[in-house]
Amino acid sequence: MIQLIYSSQHQLHDPPTEYAQGDMMPYPEMPARADQIYQHLAGQAGVEVIEPDTPLSFEALIAVHDEGLVEFLQEISTNLEQYWHSPLPEHGYLYPEVFPARRHMNRLRDSMVGQLGYYTFDVFAPIGKGTWQAALYSATVADTGAIQVLEGQASAVYALCRPPGHHAGYDFVGGYCYLNNAALAASRLRQLGRVAIIDIDYHHGNGTQHIFWDDPDIFTGSLHADPTFEYPYYSGFADEIGGSDAIHATHNIPLPLGTDGGAYRQAVHEMIEKAATFQPSALVIPVGLDTFADDPNCHFGLQLDDYVYIGKAIAEMGLPTLFVQEGGYNVEANGLLAEKLLEGFLS
Ligand code: SP5
Ligand code: ZN
């Protein structure tokens with residue numbers, strides 16, 4: 001039986017636009033992404049849907065995040081009008097525009113607009129009045145998935161998180177991410193022992209790496225498009241191997257733009273071998289479906305059978321495993337891609 005963890009609260013977060021190279025385009029991280037996967041999987045035989053109704057506590061969130069960041073997110077999102085100096089834009093979202101750069105005065109002041117730039121590293125994580133609730137429930141979906149993994153009743157557990165989480169670090173948000181769902185799940189699974197995270201999103205999981213950089217008990221692996229050419233640009237290089245207390249607990253495999261299924265499968269094996277040397281007791285897989293050849297925003301060439309293969313390779317580790325939804329912007333294809341991954345995992 002597959003457990004699909006889902007919350008409709010994600011629909012409260014629906015930013016209008018993304019600023020990309022001087023143009024505005026529809027925000028790609030849209031509610032239809034998660035709803036399409038939900039509709040595709042929820043009806044299938046052997047799939048049990050679990051919808052959490054009690055949100056994760058503040059204490060659980062600060063196991064992986066800075067208190068100031070969590071307080072800021074909740075406060076600004078739920079009191080939005082109060083903090084903007086003029087009427088809110090009609091679409092209802094605040095977009096960060098000004099960031100404290102190096103050598104600039106970099107101090108946290110009372111201004112909420114200042115805090116918006118302070119806690120944000122890019123322009124891709126706008127905040128609206130439903131953002132906090134959606135992000136909180138997304139984190140709750142991940143944690144509920146981890147609890148289900150601990151219970152051990154299902155043959156696969158898939159946390160259908162939205163908004164995604166892997167670009168959110170200890171004290172920063174960005175890249176459509178607010179709370180790091182996979183990191184929260186890994187934190188819950190520590191009670192089993194060491195946890196390995198293998199991030200298969202197209203983009204480097206910079207937030208997850210930031211959170212566990214100095215943690216010798218969490219392996220943080222990520223396969224992704226070479227940050228020389230691709231977002232998030234400042235991390236995800238092969239020479240990032242962890243902080244001084246956790247050398248080799250971080251492992252990055254940057255891959256060229258245009259990487260196809262063959263080369264990707266090789267990299268998956270390399271990553272799994274590396275993770276296995278860490279002797280983990282549990283596995284968290286941040287799942288980006290944006291590696292798909294037909295993803296509108298990304299540049300890898302994976303096909304359907306590659307997802308089956310990846311799922312199978314992950315299953316061969318033989319560990320309690322949680323899948324956590326991250327990216328994937330081909331809305332029509334998302335459900336089938338997730339299905340293929342699960343098909344391989346259960347084969
Ligand atoms: C979770 C996840 O996959 N986050 C990715 C965030 C990166 N978005 C950066 C977008 C950069 C500009 N997009 C241009 C799209 C042109 N079609
Ligand atoms: Zn991505």
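It should be emphasised that the depicted structure is a prediction, and the values quoted were computed from it without experimental measurement. Position 1 is the first residue of the sequence; numbering continues from there. Atoms within a ligand are numbered from 1 in the order they appear, just like the ligands themselves.
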Worksheet item: Backbone or side chain, does any N or O of Ala20 fall under 3.5 Å from an N or O of ligand 1?
Response: no

Discussion item. Taking a cutoff of less than 4.0 Å between a non-hydrogen atom of the residue and any ligand atom, is Tyr202 in contact with ligand 1?
Written reply: no

Discussion item. At less than 2.8 Å, would any N/O/S atom of Glu326, backbone or side chain, sit next to the Zn ion (ligand 2)?
Written reply: no

Worksheet item: To which protein heavy atom is atom 15 (C) of ligand 1 closest, and what is the distance rounded to 0.1 Å?
Response: Asn297 OD1, 3.6 Å

Worksheet item: What residue and heavy atom of the protein are closest to atom 3 (O) of ligand 1, and at what distance?
Response: Tyr329 OH, 2.5 Å

Worksheet entry | Aromatic centroids of Phe229 and His299 separated by under 6.0 Å | no

Worksheet item: For ligand 1, is any non-hydrogen atom under 4.0 Å from Glu18's backbone (N, CA, C, O), its side chain (CB onward), both, or neither?
Response: side chain

Worksheet item: Stepwise, does the side-chain contact (heavy atoms from CB on, under 4.5 Å) test hold for Val284 with Leu189?
Response: CA-CA 9 Å; Val284 175; Leu189 290 172; 3.7 Å; yes

Discussion item. For the Zn ion (ligand 2), give me the closest N/O/S atom belonging to Asp290, just the atom name.
Written reply: OD2

Worksheet item: Where does His166 meet ligand 1, judged by heavy-atom distances below 4.0 Å: at the side chain, the backbone, both, or neither?
Response: side chain

Fill in: Which N, O or S atom of Asp201 lies nearest to the Zn ion (ligand 2), by name
OD1

Discussion item. Please check whether His167 reaches ligand 1 - meaning an N/O of the residue sits under 3.5 Å from an N/O of the ligand, judged on distance alone.
Written reply: yes

Worksheet item: Do Tyr309 and His269 make the cut of ring centroids closer than 6.0 angstrom?
Response: yes

Discussion item. Any salt bridge linking Asp305 with Lys340? Criterion: basic side-chain nitrogen under 4.0 Å from a carboxylate oxygen.
Written reply: no

Discussion item. Measuring centre to centre across the rings, with the benzene-like ring taken for any Trp, is Phe172 within less than 6.0 Å of Tyr119?
Written reply: no

Worksheet entry | Result of checking Gln209, His251, His204 against Glu240 for side-chain hydrogen bond (donor to acceptor under 3.5 Å, both in side chains) | Gln209

Fill in: Distance flag, aromatic centroids of Phe292 and Tyr202, threshold under 6.0 Å
no

Worksheet, complete the sentence: Going by the 4.0 angstrom heavy-atom rule, the piece of Phe124 near ligand 1 is side chain

Discussion item. Please list, in number order, the atoms of ligand 1 under 4.0 Å from a heavy atom of Asp201.
Written reply: 3 (O)

Worksheet item: Using 4.0 Å as the upper bound for N to carboxylate O, is an ion pair formed by Glu29 and Arg162?
Response: yes

Worksheet item: How far is atom 8 (N) of ligand 1 from its nearest protein heavy atom, and which residue and atom name does that atom have?
Response: Tyr176 OH, 3.2 Å

Practice prompt. Considering the heavy atoms of Met25, write down every atom of ligand 1 situated less than 4.0 Å from one of them.
Written response: 15 (C), 16 (C)

Worksheet item: Are Tyr27 and Tyr176 close enough that their ring centers fall under 6.0 Å?
Response: yes

Worksheet item: Quick one: does Leu94's side chain get under 4.5 Å of Leu80's, heavy atoms only?
Response: yes

Practice prompt. Could you tell me whether any N, O or S atom belonging to His203 is less than 2.8 Å from the Zn ion (ligand 2)?
Written response: yes

Practice prompt. Could you tell me which atoms of ligand 1, counted from 1 in the order shown, lie closer than 4.0 angstrom to a heavy atom of Asp290?
Written response: 3 (O)

Practice prompt. Please say whether Tyr231 places an N or O atom under 3.5 Å from an N or O atom belonging to ligand 1.
Written response: no

Practice prompt. Number the atoms of ligand 1 from 1 as they appear, then name those within less than 4.0 Å of a heavy atom of Pro164, with their elements.
Written response: 1 (C)

Discussion item. Can you classify the ring geometry of Tyr231 versus Phe124 as parallel (below 30°), tilted (30 to 60°) or perpendicular (above 60°)?
Written reply: perpendicular

